[in-house]
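Reviewing the structure listed below.
Whatever order the structure lists ligands and atoms in, that order sets their numbers, starting from 1.
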Amino acid sequence: MEKPQLSRQKTVAVVGTGMAGLATAHLLHQDPQKRYHVTLLEKRDQVSLSAESIQIPPQDSAGASLWADVPMRAFAGGFYRNLVRMYDYLGVKYHAQPFLFSFTRLPKHQQSSSGSSCIPRPQMVYASNFHQMPPVPRTSDMIHWCMEAIYTVLCYLWFTICCFVISPYSENLHTGQLSESLDHYLRRIWLPQYYVANYLLPLISSVCTCSHQELLNFPASDVLDYKRRTHRQQHFVVTAGVQCVQPKLLEGVELRLGVQLTHVIPQGNGVQIKYSNGDGNSSSDYFDLVVLAVSPDVAASLFPTLDSQLSAIPTTIVETVAHTDKSTIKPMLHATATQDLIKCSKEARGSYNIGTQRIHLLSNGTKTESVHEQSNSILVTTNPLFPLDKSKVLRSANFIRVLRSPLSRLLINSIFRNRREQESFSDSTVSLSSWRNGDNGVYLAGGWCWDGMVLLEGCVVSAMRIATDLGITVPWDVTAA
Ligand SMILES: Cc1cc2nc3c(=O)[nH]c(=O)nc-3n(C[C@H](O)[C@H](O)[C@H](O)COP(=O)(O)OP(=O)(O)OC[C@H]3O[C@@H](n4cnc5c(N)ncnc54)[C@H](O)[C@@H]3O)c2cc1C
């Protein structure tokens, strides 16, 4: 049996209760040698991971309540290796979730103010992973649809082949050349602009919840890596919603809500934090270590040492609305195909009524609105292009979304570089900070704290990295065994 450590426990403040903060707090708290006393701090008056999720009452007295995750918390095999291992370790139940995506091209002149009445029907429907034959949408004539379908399949195949065989240009630190952007890569592989504008960008920008131009500025490696790893992999969602993950990660951790950090000041023998309480009073505390599991703009304002680096990381505000206003949704399919979809595969899923879910992508050429049809008629619209009937809005929330660019990728990689990579970064002609994650007792965690798309996997990877740095074995890390 392992002996508990007799020396004083180190105090750690983990700031932020998104997935990154919760996973970090859990890993440090469960240290078998009990070397860390963790305090989780959150500015809101509730834990944020599932703060905007909606509880749907059971349809009958025997049924279980359902949760609609807001925003969506889907994941896919291949890309989310560490998230899946963490869920398995925690005993979180999840299930495969097939999606049906419809693509609607809005007329260029269409204004959001012109209302949703003149929205055209979708021009194409795509089944995730080709889990079923893509149905023929209730639209134009068959010949036109067949030509469009053949065209999109050929473009899709070309893009997929390129992802596997044509690597994006990487950065050159000696010359200051940054890594290749998605825009440059798509032009280099001659992917037709029509396909890019009407299919590729609407689909991927709905994953990254940003505008088409913001997505084109991403490093190409992010999108290619995501595509390679998720190719032919199923999508999953947590069966009872991410609200069931929260208590498992929080177990035993000291939680202080309504604490808004204002300053993080490293001192010789620890880190001072200053914060304001819900009652408006300011206070300060000392911890041995501080983990900032917040977005980079917030981390930059709290910890000025990183201001110049972190302020170069692009962010945007994303609006997500849960509602029951169906006015922007046009029927996707012929009636027979709709009937097929309604058949729900209940086996192995208990009382949860789960079938194929539809995601409607409406694109005006620069932005894509996505409308996710959840169970029990709840719709979750992200980046709405059309005004919604206020009386049908159940909840509306804004989220900070961290974006990517070749420059931000370089800055982030330099912060999280390991000792072996130190030399190559010191040759860089781009001005990089000498600060590395963990210096001065300050760590960063978050969906953006890794070299990839800003999704839940980055939250778990960055939490695991901190634990490993502090000598804590990650219980779900099979590579450490
Ligand atoms: C609309 C939308 C849809 C998405 N869909 C998916 C998806 O399907 N799959 C997927 O993998 N990812 C998805 N993502 C991305 C994913 O949700 C994020 O990458 C992830 O939630 C980021 O978690 P985090 O812990 O890094 O940060 P956050 O969740 O942003 O947590 C930061 C925390 O810090 C707190 N905080 C901030 N400032 C302070 C302060 N001064 N003092 C104290 N506390 C503070 C905040 O209140 C918050 O609790 C989606 C994101 C959005 C916006």
### Task
List every atom of ligand 1 that sits less than 4.0 Å from any heavy atom of V298, numbering the atoms from 1 in the order shown and giving each element.
38 (N)

#### Entry: atom 21 (O) of ligand 1 protein-contacted, heavy-atom criterion under 4.0 angstrom
yes

### Message
Pairing donors with acceptors under 3.5 angstrom, does anything connect the side chains of Y275 and R256?
### Response
yes

### Query
N/O to N/O below 3.5 Å, does that happen between R73 and ligand 1?
yes

#### Entry: Modelled atom types, side-chain donor and acceptor of D288 and Y36, under 3.5 Å
no

### Message
Using a 4.0 Å cutoff against the non-hydrogen atoms of F399, which atoms of ligand 1 qualify?
### Response
53 (C)

### Task
For T368 and H212, test the side chains for any donor-to-acceptor distance below 3.5 angstrom and give the result as yes or no.
yes

### Message
To check your reading of the model: name the closest protein heavy atom to atom 5 (N) of ligand 1, its residue, and the distance in Å.
### Response
M72 O, 2.9 Å

### Query
For I400, is the nearest heavy atom under 4.0 Å from an atom of ligand 1?
no

### Query
Strictly by modelled atom types, are T381 and H323 linked by a side-chain donor-acceptor pair under 3.5 Å?
yes

### Message
List ligand 1 atoms under 4.0 Å from T320, heavy atoms only on the residue side.
### Response
1 (C)

### Task
Establish whether atom 18 (C) of ligand 1 and some protein heavy atom are separated by less than 4.0 angstrom.
no

### Message
With respect to G447, determine whether any N or O atom, backbone or side chain, lies less than 3.5 Å from an N or O atom of ligand 1.
### Response
yes

### Task
Report, in ascending order of atom number, the atoms of ligand 1 lying under 4.0 Å from any heavy atom of Q260.
41 (N), 42 (N)

### Query
So, H263 and Q272: side-chain donor and acceptor under 3.5 Å apart, yes or no?
no

### Query
Which option, C449, G21, G18, owns the non-hydrogen atom nearest atom 28 (P) of ligand 1?
G18

### Contact check, S295 vs ligand 1, heavy-atom distance below 4.0 Å
no

### Task
For Y80, counting its heavy atoms only, list the atoms of ligand 1 lying under 4.0 Å from any of them.
9 (N), 10 (C), 11 (O)

### Task
Kindly assign one of parallel, tilted or perpendicular to the pair Y89 and W476, based on the angle between their ring planes and the thresholds 30° and 60°.
tilted

### Task
Please identify which atoms of ligand 1 are closer than 4.0 Å to at least one heavy atom of V15.
42 (N), 43 (C), 44 (N)

### Query
Does K43, backbone or side chain, put an N or O under 3.5 Å from an N or O of ligand 1?
yes

### Query
Between S211 and E214, is any side-chain donor less than 3.5 angstrom from a side-chain acceptor?
yes

### Task
Show which atoms of ligand 1 fall inside a sub-4.0 Å distance from at least one heavy-atom site of G16.
33 (C), 34 (O), 35 (C)

### Query
Does a donor on one side chain and an acceptor on the other come within less than 3.5 Å for D325 and S327?
yes

### Task
Would you kindly say whether R401 and T209 are connected by a side-chain donor-acceptor distance under 3.5 Å?
yes

#### Entry: Distance-only N or O hit between ligand 1 and L261, under 3.5 Å
yes

### Task
Check whether any N or O atom of L456, backbone or side chain, sits under 3.5 Å from an N or O atom of ligand 1, and answer yes or no.
yes

### Message
Using heavy atoms and a 4.0 Å limit, tell me yes or no: is V259 in contact with ligand 1?
### Response
yes

### Task
For ligand 1, find out whether one of its N or O atoms is nearer than 3.5 Å to an N or O atom of S48.
yes

### Query
Any luck finding a side-chain donor-acceptor pair between H37 and T11 under 3.5 Å?
no

### Task
Check each atom of ligand 1 against the heavy atoms of G446 and keep those under 4.0 Å away; list them by number with element.
26 (O)

### Query
Is D225 salt-bridged to R229, going by a charged N under 4.0 Å from an acidic O?
yes

### Query
Taking the side chain as C-beta and beyond, is there a heavy-atom pair between L49 and T17 under 4.5 Å?
no

